[in-house]
Amino acid sequence: MSPSRMFFLSTVLVVALFHLVSGQNCSEHCKACGGPEKDQCLQCHTGFILHDNLCVDIDECGTDLDRCPDNTYCLNTHGSYECKECDKACVGCMGGGAARCKKCAPGFRSSGMRCIDIDECGEEVLACPGVSVFCVNTEGSFHCQCAGGYTRTGNTCERNSAEKGFFDDIQEDEIEVLQQMFFGVVLCALATLAAKGDLVFTSIFMGAVAAMAAYWLSDKSDRLIDSILKGR
């Protein structure tokens, strides 16, 4: 063989080996190949395995090659994998969503192959005891909230000092007027019934008049004595 022919063959071999090792013009996922086609792969990139000269994705999730921490699940990707957080209803899971839980988290319960929120406010009679507090359900839990006009102090809801009730600002003379109006309505009702000749209501009416008169005279005498004492 002539030296020129030997040189030519050596050059072709070196170029072929260069393409073989470097992977230039190889198909996707091929690290080294014998040609540009997918079925001409000789070595694969990380995350792929060679099968019949094809580079096939390795399912790390299905082959226990993943290293996902607790309360996460493995999601296979092209050439790799990702660790995704489980749904908050789960303690451990096999995939996304409340239907893939291994166990339900506190505040949730199993219902029809999935974990659902427990409505503590609707199911627990004394979830938030007290007349000035009401229960607010949240996902997986609940909290007690004071009613309007109340502020939490420790474990109880105390009424705000700035908030006043309907009768907080009423004066003594206004109370007296209200009492007189009430007794007046009662006397009118009794007088109407007594006018019809009913002996029972007539007796009640007379007794009420006598009681009103006694109350009025007693009140007036107390005021008179009080004014005399103050005048001294």
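Owing to the predicted nature of the structure, the values given are computational and were not obtained by experimental measurement. As a basis for the values below, the full set of heavy atoms in this structure was taken, side chains included, without hydrogen atoms, waters or symmetry mates.
To the nearest 0.5 angstrom, Gln40 atom CD is 11.5 Å from Asn25 atom CG. Rounding to the nearest 0.5 Å gives a distance of 11.0 Å between SG of Cys33 and CG of Asp39. Note that the OG1 atom of Thr151 and the CG atom of Asn160 stand 3.5 Å from one another [nearest 0.5 Å]. Atom-to-atom distance recorded for Glu120:CD and Cys144:SG is 10.5 Å, nearest 0.5 angstrom. With values rounded to the nearest 0.5 angstrom, Leu54 atom CG is found 11.0 Å from Glu37 atom CD. Here the CG atom belonging to Asn137 is positioned 9.0 Å from the CD atom belonging to Glu123, to the nearest 0.5 angstrom.
For the cysteine pair Cys68 and Cys74, the distance separating the two SG atoms is not below 2.5 Å.
The ring-ring contact (aromatic ring centres under 6.0 Å, His included) search around His78 returns His29, Phe48, not counting sequence neighbours. A search for salt bridge (Lys or Arg N to Asp or Glu O under 4.0 Å) contacts involving Arg152 returns nothing, not counting sequence neighbours. Legend: residues meeting salt bridge (Lys or Arg N to Asp or Glu O under 4.0 Å) with Lys84, ordered by chain and number and at least two apart, are Glu82. Residues satisfying the side chain to side chain donor-acceptor pair (under 3.5 Å) test with Asp57, not counting sequence neighbours, are Asn76.
Two residues are said to be in side-chain contact when any heavy atoms from C-beta on lie closer than 4.5 Å; Cys83 and Pro69 meet this criterion. In this structure, the side chains of Glu85 and Asn71 stay at 4.5 Å or more apart for every pair of heavy atoms.
Residue pairs meeting the ring pair (Phe, Tyr, Trp, His ring centres under 6.0 Å) criterion with at least one partner in residues 110-143, sequence neighbours excluded, do not occur; the list is empty.
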>> Run the side chain to side chain contact (heavy atoms under 4.5 Å, CB included) test on Cys41 and Ser27 for me, step by step, so that the C-alpha distance in whole Å, both residues' side-chain angles and the decisive distance to 0.1 Å come before the verdict.
In response: CA-CA 8 Å; Cys41 294; Ser27 65; 3.7 Å; yes

>> Cys121 vs Cys128, test: disulfide (SG to SG under 2.5 Å). Steps then yes/no.
In response: CA-CA 8 Å; Cys121 299; Cys128 294; 5.9 Å; no

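Tyr150 places no side-chain N or O within 3.5 Å of a backbone atom of Thr156 that could act as its donor or acceptor partner. Judged purely by atom type and a 3.5 angstrom limit, Asp117 has no side-chain atom pairing as donor or acceptor with the backbone of Phe108.
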What side-chain donor-acceptor pairs closer than 3.5 Å can you find for residues 92-106, not counting sequence neighbours?
| from | atom 1 | to | atom 2 | distance (Å) |
| --- | --- | --- | --- | --- |
| Arg100 | NH2 | Met94 | O | 3.1 |

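Around CD1 of Ile49, the count of heavy atoms belonging to other residues, nucleotides or ligands within 6.0 Å does not exceed 12.
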